[in-house]
Structure formats: C-alpha cells, structure tokens
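Everything below concerns the one structure shown next.
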Amino acid sequence: MAITRVIENESNGQDQQQELISPECKELLISLPKERGWRTPNLYLYQHFWCQPKEIQAIISVQNHYNAENTDLIVATIPKSGTTWLKALSFAIVNRRNFAHNQKNHPLLTSNSHELVPFLEYKLFADYENIPDMSRFPRPLLLGTHMPINALPDSVMDLKCKIVYMVRNPFDTFVSIWHFMNKLRPEYLGPLSLEEAFDMYCRGAIGFGPYWDHMLGYWYESLRAPQKVLFLKYEEVKENTCFHLKKLAEFLGFPFSLEEEEGGAVEGIAKLCSFDKMKDLDVNKTGKGAITAGFENRDLFRKGEVGDWANLLTPLMVERLTDIMEEKLAGSGLTFGVFCNEKRS
Ligand code: PAP
C-alpha cells in the first residue's frame, strides 16, 4: 500500500500538517469530530478519546496486529504523568538478574527508558507498513502505551498480562504538558496561549484525553481486577519510592528477596531511576529520538517536582480545575486532595 502524504489546509490557509498516513486513515479522519491541536493542527475524537492523526493510525495498527501474551507487561500513562520514570523503574526491576542496579554497563546509563520500554503506538506500530515481528523480542515483553484502557486490544484484557498505570495530579500534569508543548509546537501553528491551552485541557481536548476518563478507566479496572492493573500515583511514588518499588516488583512478578533487600537493591534501583540521576546522564542531556525522531531527550526532564503548578496557574484556573476534578471523580474513590485541593485555601 502506498504511503500518501496528507496535507491538511485549514480555512486560514496557514494551518498545515504533513503526516505520513494511509488513505484509509485519511478517510476516517474526515468523519471524526475535531478540535484545535496542541502540536498538530487538529486533534480528532477517535473511540471517545482525542488523538493526533498519526497516532490514530498507529493505534489502529496496534489494535489489529498486537496479540498480547500472558507474560507481557504494559506500562500505561497519560502523557506527562511520569512515563519516563515508570518505564525506568519497571525495566530495572524486570531485568535486574541480567543488569544489577550498580553495574557499570547498566542499559539505563546509556539509553533513555523509552528506548528500553518502547511505546506500542509511537515506536513499534508507528509505521503501518512495517508491522514488527514481536516473536523475535526477548521475553517478558515490557511495553509502553498512552492508550486509554478501552482502546487496548482485546488480547491485553483477556489474557493474564499485567498493566501498571501511573497517574499524576492534573495540575502538575497540565503544567508539564504546557512547557513541553511550547518546545514541540511547530512555528507554523503559531503560539498557543496559556489561557487557551488551559481551556482545551479543562474541556478534555488533550491527547489521549479527557484525562479524567483516562485515569478513571484504569482506576476502575484496578479496583475490579487488582491482579491485572496496578494503579500508582506519581506523588506517592515520589514520597516513598522504595515502598512503591517493592509493590511494583511484586505486582510485575519479580519480587525482591530478603537478601536483595538487605543488599540495598531497592534503594539502588530507586537511585538509578531518580530524576537527578537520569537528568544528568549524557544520553538524557544530548541524546535524541527516544520517543520519535528528532525529539530531544532532555525535554523529558524538566523539574520533576510535585506542586510546580503553583508557579503558573492563577487562582481562577486552580478553582476551575478543582471543580472539574471534584465533579468528574465524584464517587470514584480516586482523589488528589493532598496535592491539589488543600493548597487552594
Ligand atoms: P512523556 O509522556 O512525554 O513520556 P513523562 O515522562 O510522562 O513524559 O512526563 C515528564 C515529566 O516527568 C516531567 O515533569 P515536569 O515537567 O513537571 O518536570 C519530568 O520532569 C518528570 N520526570 C522525568 N523523569 C523523572 C524521574 N526519574 N522522576 C520523577 N519525575 C520525572
């Protein structure tokens, strides 16, 4: 099938996007509701979540061609909620028999965690004409995704493979996205003001969002099937990394032995994957392309703090987002109180 270069021309004649997508996907896009995009002209509502064109095509490929196995392990997040960190922690846990945390040639010292735990939709199935032969990859497969739980292929949900999900309070997640998009947004799209971006976020028009649906999907599944989905909060992992690291290791099926614990393996992995350590590595200072071509790895490491939202959001913004979260999460049991609402007063 030939690749078609699609150029979208919006009514103002300047808003252009070039993507390598198939004629079928182009056809599909025409039928989907759309919103102004963050780093592409438009986001499209596909299967009840907002997505960029090329990602929709990749997700269709994932849905059609990725057949999960019982031993597969999936790291899921909505963008900017701790993906890079969770991938590093998971990789270090699962591969510690081959690579001890203090080994000089540990892969995490020379590769970004996105290279070691590839995204289904950005890496493995990004090119719809080159479907990977997953049988050639070493087991267990450790894979990443931003896809909402309902969009995952049936095999992921039907088999015993496990999903670990990390959520981050929506205030810091927005701020992280805002800074990130400012770096990635192409010039021809013009600036996206803080106010406009915030409004889009509050209306749910953000990649893979609405973010409340994204987190609630994984949240409810973690309550229904705790052996299937482990639900972690960025802020809690930050506060007590070793405790959650042990929980994560147990869930993934790679629990720490007493001997390992006494030998400092848990603390060692926590340190290896810490923000300060990872940010300082050459691969993360000067490397490129960990997620997609041309992408600067250093853009994945900004501050890595809890509560940075207080430096950017106005009281009115905080109030609006707090009200939205209270309404959307009402009755779910999922809260971010200590990280958001309490700071409102
Ligand atoms: P992605 O969705 O593009 O993969 P993701 O890794 O989910 O990005 O989020 C990036 C955020 O995680 C950044 O937050 P900030 O903008 O508020 O600073 C980044 O700094 C933070 N981050 C990256 N690595 C770590 C880490 N090892 N520990 C804690 N936070 C981290």
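Indexing begins at 1, ligand by ligand and atom by atom, following the structure's order.
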Next on the checklist: What protein heavy atom lies closest to atom 19 (C) of ligand 1? Include the residue and the distance to one decimal.
Outcome noted: L300 O, 3.2 Å
Next on the checklist: Polar contacts were defined as any N/O atom of the residue lying under 3.5 Å from an N/O atom of the ligand; does this apply to G304 and ligand 1?
Outcome noted: yes
Item to check | Heavy-atom nearest option to atom 7 (O) of ligand 1, drawn from I78, T83, N112 | outcome: T83
Next on the checklist: Quick one, N64 with Y128, criterion side-chain hydrogen bond (donor to acceptor under 3.5 Å, both in side chains). Give me CA distance, side-chain angles, the key distance, then yes/no.
Outcome noted: CA-CA 10 Å; N64 288 340; Y128 74 103; over 6 Å; no
Checklist entry - Among protein heavy atoms, which sits nearest to atom 29 (C) of ligand 1, and what does the distance come to when rounded to 0.1 Å? => result Y234 OH, 3.3 Å
Next on the checklist: Quick one, L252 and L248 - any side-chain contact, counting heavy atoms below 4.5 Å?
Outcome noted: yes
Item to check | R298 side chain vs G287 backbone, donor-acceptor pair below 3.5 Å | outcome: no
Item to check | Contact check: M278 vs ligand 1, nitrogen or oxygen atoms, below 3.5 angstrom | outcome: no
Next on the checklist: For the 3.5 Å polar cut-off, considering only N or O atoms, please tell me whether E305 and ligand 1 meet it.
Outcome noted: no
Item to check | Structural part of C273 in contact with ligand 1, heavy atom criterion under 4.0 angstrom | outcome: backbone
Next on the checklist: When you compare ligand 1 with D172, is there at least one nitrogen or oxygen pair between them that comes in under 3.5 angstrom?
Outcome noted: no
Checklist entry - Centroid-to-centroid, F180 to F295, below 6.0 Å? => result yes
Next on the checklist: Between N95 and F91 (side chain of the first, backbone of the second, donor and acceptor by atom type, cut-off under 3.5 Å), is there such a pair?
Outcome noted: yes
Next on the checklist: Please tell me whether E35 and Y44 have a donor and an acceptor in their side chains that are separated by less than 3.5 angstrom.
Outcome noted: no
Next on the checklist: Give me the nearest non-hydrogen protein atom to atom 31 (C) of ligand 1 as residue plus atom name, then the distance to 0.1 Å.
Outcome noted: F275 CD1, 3.7 Å
Checklist outcome for this item: In this structure, atom 2 (O) of ligand 1 is nearest to the protein heavy atom K80 N, 2.9 Å
Item to check | Nearest protein heavy atom with distance in Å, relative to atom 6 (O) of ligand 1 | outcome: T84 OG1, 2.5 Å
Checklist entry - Near K160 NZ, under 6.0 Å, is it more than 12 heavy atoms from other residues, nucleotides or ligands? => result no
Checklist entry - Is the closest N or O pair between S176 and ligand 1 shorter than 3.5 Å? => result yes
Next on the checklist: Considering R302, K277, R168, H114 one by one, which has a heavy atom nearer to atom 12 (O) of ligand 1 than any of the others?
Outcome noted: R168
Item to check | K277 atom NZ: more than 12 heavy-atom contacts under 6.0 Å | outcome: no
Item to check | Location of contacts on H179 toward ligand 1, heavy atoms closer than 4.0 Å | outcome: neither
